[in-house]
Protein chains: 2
Amino acid sequence: MTSQDADGPESVAASRRSKLTPEREQEFFDAVLEQIRECGYEAVTMEGVATSTRCSKSTLYRQWKTKPQFVVAALRSRRQSRLAGIDTGSLAEDLREAARGAARWSMTDTKLLQALGHAVTQDADLAGALREAIVEPEITALREILRRGVERGEVEAGHPALEYIPAQMFGMVRARPVVDGEYADEAYLLRFVEAAVLPALRLGPERPRPPSAG
Amino acid sequence: MTSQDADGPESVAASRRSKLTPEREQEFFDAVLEQIRECGYEAVTMEGVATSTRCSKSTLYRQWKTKPQFVVAALRSRRQSRLAGIDTGSLAEDLREAARGAARWSMTDTKLLQALGHAVTQDADLAGALREAIVEPEITALREILRRGVERGEVEAGHPALEYIPAQMFGMVRARPVVDGEYADEAYLLRFVEAAVLPALRLGPERPRPPSAG
DNA sequence: GCGTATCGGTACGATGTCGTATCGATGGTG
DNA sequence: CACCATCGATACGACATCGTACCGATACGC
């Protein structure tokens with residue numbers, strides 16, 4: 001666990017102001033995000049992050065001026081889409097795959113969103129960083145999945161349900177813990193796609209019924 | 001809204017300041033919930049509530065031992081269903097009415113849930129109170145609406161989409177602010193019901209064709 | 001009118017965190 | 001080898017909140 005830095009000479013080439021390797025920096029980011037998930041944004045302390053990463057507060061404050069800026073940096077380091085790269089060639093299958101992907105990150109991302117949920121309403125930078133970290137990537141990926149489905153003619157462009165599907169997936173992942181007391185797992189989200197999303201699009205296990213009059 | 005107070009000689013019509021009347025108590029509860037919505041649970045201070053209600057910290061601490069207990073009491077005072085009493089005789093119309101009701105409380109309840117979202121994971125009493133205040137009443141009311149629809153034969157019992165509808169309504173209300181940056185209003189939720197919920201149940205504007213112009 | 005209990009106001013100690021300053025140690029660079 | 005920036009550790013002041021204690025004032029019951 002204690003990574004003795006095996007820094008290759010190639011990374012030293014670029015002169016860094018800091019002696020911290022990118023890997024070490026990521027350790028700080030992982031630690032603060034984990035503390036946020038566990039304790040909430042307000043309760044996170046720089047001292048706690050320093051302790052858990054065996055560095056000192058000085059180091060954190062040297063690199064990032066304040067706690068909010070530190071957290072923002074940590075969030076930005078996590079920008080990635082959990083649903084990227086999904087492209088099975090079938091809209092229904094893409095949506096099922098998206099459900100699997102969303103389920104995989106359900107607990108982690110939901111905790112983070114929950115823990116930052118209010119702080120975000122008070123700090124615009126934080127809000128932006130959180131959006132870029134775990135909201136927009138998923139929404140964008142889902143929109144892309146839908147766009148391709150329309151492009152392939154699987155669903156009529158402008159189908160009224162299309163507009164709501166990203167928010168539906170997102171909302172179900174976040175709502176389930178509140179409603180049922182447990183995180184949205186793969187089985188739950190897959191059943192949801194089958195039971196609600198695909199039927200609304202007239203897709204899915206049932207043979208699509210060609211509308212007689214348009 | 002604190003524009004009811006007229007400093008100076010106020011009319012003694014119906015308000016007594018001597019002992020804590022239920023109305024006075026409700027003022028405290030309203031104040032703390034509003035502060036939670038605005039500032040977050042952690043940032044709420046007993047001092048602030050005391051100031052905004054023109055009482056003293058002593059009074060608050062006399063009635064409720066600690067801040068968490070005070071907040072729990074405030075939440076319990078708010079137990080009510082925003083969707084109670086909906087019974088139009090038609091499942092589709094009931095769901096539309098539920099959408100309207102959910103929209104009406106969308107901002108208020110979402111702010112509260114957002115602000116308490118994490119505190120709830122650390123305090124079981126708080127979690128229970130919040131559930132009873134704004135989660136279970138709505139979920140229960142929706143289930144009841146669905147149950148009656150099934151009872152009337154509008155939807156087949158055990159229809160797979162039924163299970164997800166309460167969480168969907170709940171989730172859409174909470175997800176929209178995060179996804180679109182604005183609260184779920186009536187138009188949004190009504191379109192959602194038409195576009196996603198009713199079609200998944202094979203209900204809605206398909207059977208009765210409204211006169212389409214164009 | 002008097003006693004009592006609660007009211008509102010405020011001062012207080014305890015606690016915890018932020019962010020800064022200071023210190024010795026280390027490792028890279030000319 | 002000498003220099004110097006950064007590292008980790010720690011002490012520190014500033015600040016805010018919790019929850020308590022004490023105060024005078026007021027309203028109700030008798």
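Letters A, B, ... mirror the listed sequences (proteins, then strands); counts begin at 1.
Judged by distance alone with a 3.5 Å cut-off, a donor-acceptor contact links the side chain of A:Ser58 to the base of D:dA9. In the interface, the side chain of B:Lys57 is not paired with the base of C:dG8 through any donor and acceptor atom under 3.5 Å apart.
Side-chain N/O atoms of B:Arg24 include none lying less than 4.0 angstrom from OP1 or OP2 on C:dT6. A close approach under 4.0 Å does occur between a side-chain nitrogen or oxygen of A:Thr59 and OP1 or OP2 of D:dG8. Contact annotation: B:Arg62 does not reach the phosphate of D:dC22 (side-chain N/O to OP1 or OP2, under 4.0 Å).
The separation between B:Glu47 atom CD and D:dT20 atom P is 15 Å, rounded to whole Å. With rounding to whole Å, A:Gln63 atom CD is found 9 Å from D:dT6 atom C1'. Protein atom NZ of A:Lys67 is 9 Å distant from nucleotide atom P of C:dT17, rounded to whole Å. The nearest whole Å value for the distance from the CG atom in B:Leu20 to the P atom in C:dA5 is 17 Å. As a whole-Å value, the separation of A:Trp64 CH2 from C:dC18 P is 15 Å. Rounded to whole angstrom, the span from the CD atom of A:Glu42 across to the P atom of C:dC18 amounts to 10 Å. The distance between atom OH of A:Tyr41 and atom P of C:dT17, rounded to the nearest whole Å, is 15 Å. One interatomic measurement links the two molecules: OH of A:Tyr61 to P of D:dA11, which rounds to 17 Å at whole-angstrom precision.
Each of B:Thr108, B:Asp30, B:Asp109 was evaluated against B:Arg78; a single residue qualifies, B:Asp30, per the side-chain hydrogen bond (donor to acceptor under 3.5 Å, both in side chains) test.
Candidate nucleotides C:dT17, D:dC18, D:dG8 were compared by shortest atom distance to the side chain of A:Thr45, and C:dT17 ranks first. When the nucleotides C:dC18, C:dG8, D:dA9 are ranked by their closest atom to the side chain of B:Cys55, C:dG8 comes out on top.
Residues B:Phe70 and B:Tyr61 place their aromatic rings such that the two centres sit no closer than 6.0 Å. Between B:Trp64 and B:Phe29, the gap from one ring centroid to the other is short of 6.0 Å.
In this structure, the separation between CG on B:Asp94 and CG on B:Leu146 is 9.0 Å, given to the nearest 0.5 Å.
Mapped onto DNA chain C by nearest heavy atom, A:Ala43 and A:Lys65 fall at different nucleotides, with A:Ala43 at the one closer to the 5' end.
The main-chain N or O of B:Tyr188 is found under 3.5 Å from a side-chain atom of A:Tyr164 such that the two form a donor-acceptor pair.
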